[in-house]
Amino acid sequence: MSLKENFLWGGAISANQVEGGWNLDGKGISVADVKRYKPNLDIEDYAGQHQINTKMIEEALETKNTKYYPKRRGIDFYHKYKEDIALFAEMGFKTLRLSIAWTRIFPTGEEKTPNQAGIEFYLNIFKELKKYDIEPIITLSHYEMPLNLVLKYNGWADRRLIDLFIKFAKTCFEYFGDYVKYWLTFNEIDSVSRHPFITAGIVKDRSEKGEYQNDIYNALHHQYLAAALAAKECRKIVDDCKIGSMLTKLTSYPHSCNPKDVELAFKSNFENIVHADIQIFGEYSKLYKKILAEKGIKIKFEKNDEKILKNNTVDFLSFSYYMSRTVSAAEDKEEVAGNTMTGVKNPYLSSTDWGWQIDPIGLKISLLELYDRYEIPLMIVENGMGAKDIIEEDGSIHDDYRIEYLKEHLKEMKKAVEMGVELLGYTSWAPIDLISASTSQMSKRYGFIYVDQDDEGKGTLKRLKKDSFYWYKKVIASNGKILDQ
Ligand code: BG6
């Protein structure tokens, strides 16, 4: 079995990492706009684990600086989207996954009517995509919620966020539903427990004493409910829509066959996948309820919550996959970074410049595991390698390491499809260099397209095609049959 003719090849980006124009045309301030770039990074930065406190937010609000707040400037997709979409089309993209900045539509999250300039901006993008027959896949919430909702409610810890989100989601379905059929509600919903500020707007010093963990798990509960209610609205408003859940697939391996390591890996995998379980099976499992109770977490279930979750499950499961993770009960193991978490060094794997461990077979394992568990269509909506690129004198960029990374992952992806996994598409992260989510660096580059900008915002923003640009174009043209350069 090979990839279907209508396989959705493309790339994925998020509003806060590309758009810039953070204070233009009525846009409000989002959590991404107060995330500061820090030049000397440590392993916690590489893993995106440093949290933000009220003082840091206040400092950010005092300045209009974009040098140290890089997500305010992005790569100026706000003005350059036509040029960028033309380049995606040149590679033959069938799809583009992007997100809608909540703060462009409802600047504080609380307005009664949407900001028309924000609506226009996205409508123009969808029209441009249509010109090239590129199918949009929309994420409604990708690390860019209104800061006002953080300061006023401590983010998703407060149940009132559900209604505010549904107002935003409905507005998007009503205005964009003619153009958009594929919708994802929350990017990497599981990540609330790893970086509560950026995903759910929870600031530790704003939680009541002793309530921080409860706030995190209740925020998750509120997001499951919001996702379910958004699915319900989407099905009412958008013809032929498909609504999916989006998980960070963090496949964990035990470092040894010591049952303690195996138990840790089980726990870690369970706590990762449980978020997809809730959105696909429509309920908290008995075991998960027990684990939460043992942690002392009290989820504030209201009367209809169970029904809402049960009646509005998703059509497909999308996920990001960058690396696998190795865990050990021993304390003397070398620690390495990973996607929003750390682990220990796996002696069988090499790592990226940022210490994420490269494991293509882990992608196949993940696909098989998820498909066997859920038997619903899957979509890989993020996969890629952050690396430092060098521009040659003639402007060429020889990113063989990126091609190698992607090629090996695609090979394993195809093997999983040959074994029967129903896969709707593959969108690489990211088709164009953008601001890193975890480190806010520009120098952590993922793209097939190079963007001339450094970590402090200096550069012409000129777009250049890397070797991988031509390679990916061939991959798409052959529907994945040709993977060699
Ligand atoms: C994913 C996020 O987890 O990882 C993206 O959805 C992010 O927003 C990507 O950019 C890569 O992580 P980073 O930290 O290298 O940008």
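Each ligand, and each atom within it, is numbered from 1 in the order the structure gives. In this text, all values refer to a predicted model and were calculated from it rather than measured experimentally. Position 1 is the first residue of the sequence, and the numbers go up from there.
Residues passing the salt bridge (Lys or Arg N to Asp or Glu O under 4.0 Å) test with K458 are D454, E456, sequence neighbours excluded.
For ligand 1, the polar-atom distance check finds an N/O of A437 within less than 3.5 Å of one of the ligand's N/O atoms. Considering backbone and side-chain N/O atoms, T248 never comes within less than 3.5 Å of an N/O atom of ligand 1. For ligand 1, none of its N or O atoms has an N or O atom of W356 under 3.5 Å away.
For ligand 1 and K444, the ligand atoms under 4.0 Å from any heavy atom of the residue are 13 (P), 14 (O), 15 (O). Listed by number with element, the atoms of ligand 1 under 4.0 Å from a non-hydrogen atom of Y446 are 11 (C), 12 (O), 13 (P), 15 (O). When each atom of ligand 1 is checked for a heavy atom of E382 under 4.0 Å away, the hits are 1 (C), 2 (C), 3 (O), 4 (O), 5 (C), 6 (O), 9 (C).
When each of N346, D359, T326 is checked for a side chain to side chain donor-acceptor pair (under 3.5 Å) with Y253, only D359 meets the rule. When each of E188, K35, K71 is tested with Y143 by the rule side chain to side chain donor-acceptor pair (under 3.5 Å), just one qualifies, namely E188.
Remark: R402 is not positioned above the aromatic ring of Y405, lacking an NZ or CZ atom under 6.0 angstrom from the ring centre and at most 45 degrees off the axis. Cation-pi geometry between R445 and Y450 is satisfied (NZ or CZ under 6.0 Å from the ring centre, within 45° of the ring normal). Geometrically, K167 engages F106 in a cation-pi contact defined by less than 6.0 Å to the ring centre and at most 45° from the axis.
At least one heavy atom of N187 sits less than 4.0 Å from an atom of ligand 1.
Taking only non-hydrogen atoms, the option from S320, S191, S436 nearest to atom 13 (P) of ligand 1 is S436.
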